[in-house]
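Numbers for residues simply follow the sequence, beginning at 1. When reading the values below, keep in mind they use all heavy atoms of this one structure, side chains included, and skip hydrogens, waters and symmetry mates. Both counts, for ligands and for their atoms, begin at 1 and track the order of listing.
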Amino acid sequence: VLTKRKEHFISARWKSEKSRVEQNNQETRTVNNELSGFSSFEEMIETRRSEARKSIVVQVHSEQSCPELYSYCCQFGTVKSMHHYTLPGPSHYVIVEFGKEEDVYNVLHNSGHLDTNQIVPVRSPFLWFRIGRGKMKMETPLSKIPLLEIDGNNSPSNDDLYSWLHAAESVSDQMRILHEETSLTSLGSRLRFLTALQIEQALSGPFPRIKAYPFGSTVNSFGKMNCDLDLVLELDKEEASSDCRLIFHAKNSLTNGRTQVQRHMETIGDICQLFLPGCANVRRILQARVPIVKYRQELTGVECDLSMTNMSAVYMSELLFVLGSVDKRVRPLVQAVRTWARDVGLTNPTPGRWITNFSLTLLVLFYLQQSLPHPVIPTFNKLISMASAADKIITTEGVNCTFVRDLKAVKKYMDRQPKNTELLEDLLLKFFEYYCTFDFGSHAISLATGTPIPKPEHAALYIVNPLERGLNVSKNVSLEELERLRIEFRNAAWALEAYIKQPTGGGELWGLVAICQAPKLQAKGKNVFYIPPKLTEKPRRFNVQELFEEDLNVKDVHEK
Ligand code: CTP
Ligand code: MG
């Protein structure tokens, strides 16, 4: 299985360089999965931003262009690493990371346009490598290229993945493999930070201090390969100090802040559409609670959601990052639950009345705050109480985002607590069991206290937003979807309990594969291998309106 997993990283033409490339690919993957070495979220963000500023993206003919591109780039600076990736087409690209930002200025200064009458002559770190003419080709032997990664965005097919999971030793092992193979890789992070940098640089003329902050699954450490990029733009937040006497002339803001944001977003949408290479399928969704511009960056293969007034979402991502760092079981557990939810059709990429990945993640974290015999992660109130003066953050919208940000301090605190030593697979099973019996009808989920609290207002599923406690993160979830969620929790608990061990006879699905793949197999009319007799009875559907009129809670519905 291991050999097969490794072979997956290497394209057939590169077999002779197999061991080196393989080692590089494995190294970069491991670094990302462990997110090792970062002492805080801020450090991780700054490292990724700095990598992006020192990088260019070059479209090439194939991975075989790497040696020539390397030699060409070495004229302008020190090449630190090269990361090749492919996008459907197939088209080939290489991220070339230089030692210094000046090297990138140097490269861009020595790059040019073809036929300015035919194109919008934008200069940016997105380039293509034309075939060398006249001069002899310069090539560096592959073995001399530092940190070369080939096909870094090559994620396993579902068939491959499930065959590796099938051959794993235990469900815990399956969860670790799933996490390793499907988490956002360091190349995935690079592509997303380069996409963010493009929009930042495009607006940096009038706003030299602009920052495009990635948030959501790109940075919260729960991201998968191919996850979208959520971005928030902050134009400039520094006010003049009292002894500063020269003040910039500037236009007055519109009195209606929302109208202003909508107008700005509209203009930014136009800039993306008209000027920025690779930005395609630009959609302006300006009437939403948070106005956004959506687009696809075709040179990095990243789907982007851009907003301007959502800084608290960045701190929410930081909170998830901190909680994900507390214990090495947190991320594989979240990944397993997110994969299961996707496979059984509980989540859906389009927004709607179903649970989102974000809400699901909060459900897992809440469970880990009260797992037995001891919690795996601390409550949010604990993180607040541990905050230092430097951790105090209040956004311009007045949201208090103060909590401890030093990962070592949180780990140290947990080390002093009674330790939870449950296996990953036991945590997964107990997670399903916990929510099978959770009283969603009258209780809300509060990560602040780490305990269920009475529901502040009517909603099928109530998850208190830890940063803005008056808001329900899962307000969108309908009663029907909640009921589906409960049924699936129960199905998964039963199936996992029954099929937690690898069958000695081979053949049969087991563990994670059983809980993820069973509904699909059933739909295809294949062997239904685990559903206990009780569940074959189809749950009765109720008219939701009728239930609201009767003012029943979920528990009542269930009983009825
Ligand atoms: N967010 C929030 N409150 C909500 C919804 C979202 O604070 N009610 C923030 C969270 O930080 C979340 C981010 O916005 O992580 C992005 O939301 P979304 O893209 O829906 O979730 P992701 O975590 O990015 O997951 P996915 O991989 O499905 O994109
Ligand atoms: Mg997202």
Side-chain angles (χ1 to χ4, degrees), residues 41 44-45 155 178-179 182-185 188-189 191-193 195-196 212-233 285 288-297 301-324 330-331 334-343 345-366 380 393 395 397 399-401 403 444-448 459-477:
F41 179 79
M44 183 271 288
I45 297 285
S155 53
L178 179 80
H179 179 235
T182 60
S183 290
L184 187 65
T185 59
S189 284
L191 290 172
R192 282 159 183 75
F193 276 79
T195 306
Y213 289 101
F215 65 99
S217 49
T218 297
V219 290
N220 66 17
S221 77
F222 297 113
K224 291 179 101 152
M225 299 277 281
N226 309 326
C227 68
D228 67 355
L229 168 64
D230 302 294
L231 268 184
V232 54
L233 282 177
I285 303 167
R289 186 178 69 84
V290 176
I292 57 168
V293 169
K294 281 170 117 45
Y295 63 92
R296 178 169 174 76
Q297 177 27 287
V302 173
E303 291 289 341
C304 226
D305 280 3
L306 184 67
S307 57
M308 286 189 82
T309 52
N310 209 8
M311 275 311 283
S312 64
V314 176
Y315 298 117
M316 178 69 82
S317 307
E318 181 170 20
L319 173 62
L320 297 198
F321 181 88
V322 171
L323 291 172
V330 180
R331 289 169 181 146
V334 170
Q335 199 74 292
V337 171
R338 286 169 70 142
T339 305
W340 159 80
R342 182 203 62 193
D343 283 359
L346 285 171
T347 49
N348 189 315
T350 50
R353 292 148 64 89
W354 33 86
I355 193 160
T356 61
N357 275 326
F358 175 55
S359 296
L360 258 184
T361 306
L362 294 185
L363 286 186
V364 178
L365 295 174
F366 178 74
F380 182 51
I393 293 178
T395 67
E397 295 89 32
V399 182
N400 190 343
C401 300
F403 55 87
I445 278 152
S446 161
L447 280 92
L461 176 61
Y462 202 112
I463 304 176
V464 182
N465 183 320
L467 297 177
E468 293 175 79
R469 299 196 188 174
L471 298 182
N472 174 10
V473 165
S474 52
K475 200 171 154 186
N476 62 311
V477 176

Asks: To the nearest 0.5 Å, what is the distance between CG (L323) and CZ (F380)?
Replies: 8.5 Å
Asks: What residue and heavy atom of the protein are closest to atom 8 (N) of ligand 1, and at what distance?
Replies: V473 O, 3.9 Å
Asks: Check each atom of ligand 1 against the heavy atoms of N220 and keep those under 4.0 Å away; list them by number with element.
Replies: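 Per the distance check, 15 (O), 23 (O).
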Asks: Any idea which atoms of ligand 1 are less than 4.0 Å away from a heavy-atom of S317?
Replies: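 Answer for ligand 1: 11 (O).
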Asks: Would you mind checking which non-hydrogen protein atom is closest to atom 28 (O) of ligand 1, with the distance to 0.1 Å?
Replies: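 For atom 28 (O) of ligand 1, the nearest protein heavy atom is N357 ND2, 2.9 Å.
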Asks: Would you give the length of the straight line joining atom OG1 of T347 to atom CG of N357, rounded to the nearest 0.5 angstrom?
Replies: 5.0 Å
Asks: State whether a side-chain donor-acceptor pair under 3.5 Å links K224 with T339.
Replies: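 Judged by distance alone, the side chains do pair up.
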Asks: Quick one: OG1 on T356 to CZ on R338, what's the gap to the nearest 0.5 Å?
Replies: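 Between atom OG1 of T356 and atom CZ of R338 there are 8.5 Å.
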Asks: Of all the non-hydrogen atoms in the protein, which one sits nearest to atom 15 (O) of ligand 1, and at what distance?
Replies: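 Minimum-distance protein heavy atom for atom 15 (O) of ligand 1 reads G216 CA, 3.4 Å.
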Asks: Distance to 0.1 Å, residue and atom name: give those for the protein heavy atom nearest to atom 25 (O) of ligand 1.
Replies: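 Looking at atom 25 (O) of ligand 1, the protein heavy atom closest to it is R338 NH2, 3.4 Å.
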Asks: Between T309 and E397, is any side-chain donor less than 3.5 angstrom from a side-chain acceptor?
Replies: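 No pair is found: no donor N or O on one side chain lies under 3.5 Å from an acceptor on the other.
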Asks: Atom 29 (O) of ligand 1: which of V219, D228, N310 has the nearest heavy atom?
Replies: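 Among V219, D228, N310, the closest heavy atom to atom 29 (O) of ligand 1 comes from D228.
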Asks: With heavy-atom distances below 4.5 Å as the criterion, would you say the side chains of T195 and C304 are in contact?
Replies: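 Yes - at least one pair of side-chain heavy atoms lies under 4.5 Å apart.
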Asks: Tell me which protein heavy atom sits closest to atom 17 (O) of ligand 1, plus the residue, atom name and distance to 0.1 Å.
Replies: D230 OD2, 4.3 Å
Asks: How far is atom 4 (C) of ligand 1 from the closest protein heavy atom, and which atom is that?
Replies: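 Ranked first by proximity to atom 4 (C) of ligand 1 is F358 CE2, 3.6 Å.
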Asks: Can you find an N/O atom of A313 closer than 3.5 Å to an N/O atom of ligand 1?
Replies: yes
Asks: Do S221 and R331 pair up side chain to side chain, a donor and an acceptor below 3.5 Å, judged on atom types alone?
Replies: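 Judged by distance alone, the side chains do pair up.
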Asks: Hey, what do you get for OG (S217) to CG (L229), rounding to the nearest 0.5 Å?
Replies: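 Nearest 0.5 Å value for the OG-CG distance: 8.5 Å.
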Asks: Is it true that a side-chain atom of T218 and a backbone atom of S189 form a donor plus acceptor pair closer than 3.5 Å?
Replies: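 No; judged by distance alone, with no hydrogens or angles, the pair does not exist.
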Asks: Any side-chain heavy-atom pair from R192 and C227 closer than 4.5 angstrom?
Replies: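 Contact flag for R192/C227 side chains = yes.
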Asks: Which residue and atom name correspond to the protein heavy atom nearest atom 26 (P) of ligand 1, and how close is it?
Replies: S217 OG, 3.6 Å
Asks: List the closest protein heavy-atom neighbour of atom 14 (O) of ligand 1: residue, atom name, distance to the nearest 0.1 Å.
Replies: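 Atom 14 (O) of ligand 1 sits closest to the protein heavy atom F215 CE1, 3.5 Å.
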Asks: Any nitrogen or oxygen of T356, side chain or backbone, less than 3.5 Å from one on ligand 1?
Replies: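 For ligand 1, there is no N or O atom that lies under 3.5 Å from one belonging to T356.
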Asks: Keeping waters out of it, list the protein N, O or S atoms under 2.8 Å from the Mg ion (ligand 2).
Replies: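 Less than 2.8 Å away from the Mg ion (ligand 2) sit D228 OD1, D230 OD2.
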